[in-house]
Amino acid sequence: MSFRCGVAMRILSSQVSKHVGEEVRVAGWLHRVRALKKVTFAVLRDREGLIQVIAAEPGLMQRLAELPEETVIEVVGTATANPQAPGGVEITSPSVTELSDPAVPPPFDIYRPVVSASLPTVLDNAAVALRHPRLRAPFEISAASVAGFRRAMERLDFTDVHTPKVVSSATESGANVFALDWFGRKAYLAQSPQFYKQTLVGVFERVYEVGPVFRAEPHDTARHLAQYTSLDAELGFVTDHRDVMAVVREAVADMVSTVAERAAGAVELLGVELPDVPAEIPSIHFADAQELLARETDEDPRGEPDLAPAHERWLCDWAMREYGSQFLFVSGYPMAKRPFYTHPDPERPQYSNSFDLLFRGLELVTGGQRLHRHSDYLAALAARGESPEPYAGYLAAFAHGMPPHGGFALGLERFVARLTGADNIRWTTLFPRDLHRLAP
RNA sequence: GGUCCUGUAGAGCAGUUUGGAGUGCUCGCCACCCUGUCAAGGUGGAGGUCGCGGGUUCAAGUCCCGUCAGGACCGCCA
């Protein structure tokens, strides 16, 4: 074992079984105490898991029994194999040192395998609630998802960029943005890195960003947040939006495989079924999707500029039946509802070269080809009755020459929510910010 | 922004329809008991202005009005 200044170095709970017969030092939170007449069991929790500590000395038994759960302690004792111990190993003859003040007990039981508390209670008590293995697990999956996204982006030679989150004008006209005071000038929280990532295609050709975006929209649902984490990418020299869709496929495939590799424990704990990402994700044109819905359901959405959530759910079921895929691209959304930088379909100009990726019934990614000619931007803004003036910094990129390009954005919390089957996106957001919640 | 639902002990819930003393359940907490527990078990106990304000009534957790808080769905979005 390792020593420093003559004392055992701290090891993690998962390592104790490798040190049977040796003195070990572990530290963590007092997860649960069970006191019997002649013996007291203390379960200690660290970032790897749980380890049982057994005390038979009356003074120590009394001390352990009086310590509130969640108090941080350090234990030095003998790693002992015992078939009766959870995991077959425990720490005997311990000495216990408190590293924190006695903890205030959590409002609900952290040590139980299932969480009894409701979502508002969990969110109000996030500091301690997130310690529960089942509440923590989605964020291990989230971290692995981001690692997978980065892995795909780096493999495909994208450059990692960081763009301003305080901006001088709204990214997309008509959007609800948070206004704030910037040294006496009006500023806004960035609703998306859209303008900057496009601009940076002119510098790096391929860029990606993982960062927060802010939406001051008044919707109040289980799948919306006022701040969420956006996984953005943008690439130049595309033929059309299908080149972007191919990159989305690579990103999602690496996200799923990295979750399998790096968050296996969380996946198992939550019983997550990881989806297969087909080599080619099935794709349907918006117009064909509407025809399909009109033909095979009671509703006729033809003429609507967008798909309703119920339609997205139906299409996902259809993709599962038809292609065995939990993912489905819907491409060619009407230009009418798309932002001004959207590139039209050259064959059918009322439709756009844009797409959504649906996953398990929910819109997960939006992307597409963008306009790249300066003259097209001026025309698009003029058609919407907007002045180019507020967009001067953005339009400069196109004035100075930009290649055909496109990109996408993926909502991280939504991805993890769909993956884990969470019924509310707040279960997959550490400290949600929404219409009502600004703390903790 | 619209529609609907819910506020009862630290947590999760019954009880409200048909008004009658805070009536109760599961867990936690406290005390004691206990053959190695592992979501331990046993016995006993504490803990409630029934979200808040007003009204009706002899009497309100229960009925009415208002208000605040939380949740679900829709619209919109990722």
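Lettering of chains follows the sequences in order, A, B, ..., and the numbering in each one begins at 1.
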Item to check | Ion pair check, A/Glu363 and A/Arg414, cut-off under 4.0 Å | outcome: no
Checklist entry - Is the shortest side-chain N to carboxylate O distance from A/Asp356 to A/Arg338 below 4.0 Å? => result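 Yes, A/Asp356 and A/Arg338 are salt-bridged.
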With both distances under 3.5 angstrom, what nucleotide forms a Watson-Crick or G-U wobble pair with [N]?
N: B/A39; answer: none
N: B/G19; answer: none
N: B/C63; answer: B/G55
N: B/U3; answer: B/A72
N: B/G10; answer: B/C27
N: B/G48; answer: none

Does [N] have OP1 or OP2 under 4.0 Å away from a side-chain N or O of [X]?
X: A/Arg437; N: B/A69; result: no
X: A/Asn424; N: B/A72; result: yes
X: A/Thr121; N: B/G12; result: yes
X: A/Ser116; N: B/A11; result: no

Rounded to whole Å, please give me the gap between [atom1] in [X] and [atom2] in [N].
X: A/Leu67; N: B/C29; atom1: CG; atom2: C1'; value: 16 Å
X: A/Asn125; N: B/A11; atom1: CG; atom2: C1'; value: 10 Å
X: A/Leu119; N: B/C5; atom1: CG; atom2: C1'; value: 16 Å
X: A/Tyr228; N: B/A78; atom1: OH; atom2: P; value: 6 Å

Checklist entry - With respect to A/His31, which candidate in A/Gln52, A/Glu69, A/Arg45, A/Arg131 satisfies the side chain to side chain donor-acceptor pair (under 3.5 Å) definition? => result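 It is A/Arg45, the one option of A/Gln52, A/Glu69, A/Arg45, A/Arg131 that forms the side chain to side chain donor-acceptor pair (under 3.5 Å) with A/His31.
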Item to check | Pi stacking test for A/Tyr111 and B/A39: under 5.5 Å apart, planes under 30° | outcome: no
Using a 4.0 Å heavy-atom cut-off across all strands, classify [X] as base, sugar-phosphate, or nothing.
X: A/Val43; answer: nothing
X: A/Ser118; answer: sugar-phosphate
X: A/Leu362; answer: nothing

Checklist entry - So, A/Thr80 side chain and A/Thr78 main chain: donor-acceptor pair closer than 3.5 Å or not? => result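 Yes, because the side chain of A/Thr80 sits within donor-acceptor range (under 3.5 Å) of the backbone of A/Thr78.
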Item to check | Main-chain N/O of A/Arg112 paired with A/Arg32 side-chain donor or acceptor, under 3.5 Å | outcome: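 Such a contact is absent between A/Arg32 side chain and A/Arg112 backbone.
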Checklist entry - A/Leu225 side chain: which of B/G70, B/A11, B/A78 is closest? => result B/A78
Item to check | Per A/Pro113 side chain, nearest of listed nucleotides B/G75, B/C77, B/A39 | outcome: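 Closest nucleotide among those given: B/A39.
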Item to check | Validation row, ring centre A/Tyr351 to ring centre A/His285 under 6.0 Å | outcome: yes
I'd like the [atom1] distance from [M] over to [N], given in whole Å.
N: B/C64; M: B/U26; atom1: P; result: 32 Å
N: B/G45; M: B/G66; atom1: C1'; result: 41 Å
N: B/G61; M: B/G36; atom1: C1'; result: 46 Å
N: B/G19; M: B/C34; atom1: C1'; result: 47 Å

Next on the checklist: Please list, in numerical order, the residues of residues 136-151 of chain A that have a heavy atom closer than 4.0 Å to any atom of RNA chain B.
Outcome noted: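 Residues of residues 136-151 of chain A that come under 4.0 Å of RNA chain B do not exist, since none gets that close.
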Checklist outcome for this item: Scoring nucleotides 32-37 of chain B by protein non-hydrogen atoms under 4.0 Å (B base, S sugar-phosphate only, - none) yields --BSBB
Next on the checklist: Can you tell me how the ring of A/Phe195 sits relative to the ring of A/Tyr341, calling it parallel under 30°, perpendicular over 60° and tilted otherwise?
Outcome noted: perpendicular
Next on the checklist: Checking side-chain polar atoms at under 3.5 Å, does A/Thr163 have a donor or acceptor matched by the opposite partner on A/Lys165?
Outcome noted: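 A/Thr163 vs A/Lys165: donor-acceptor pair found between side chains.
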Checklist entry - Closer to the 5' end of RNA chain B via nearest nucleotide, is it A/Leu307 or A/Asp423? => result A/Asp423
Item to check | Distance-only donor-acceptor test, A/Arg223 side-chain atoms vs B/C73 base atoms, 3.5 Å | outcome: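 It does not, because no donor-acceptor pair links the side chain of A/Arg223 to the base of B/C73 below 3.5 Å.
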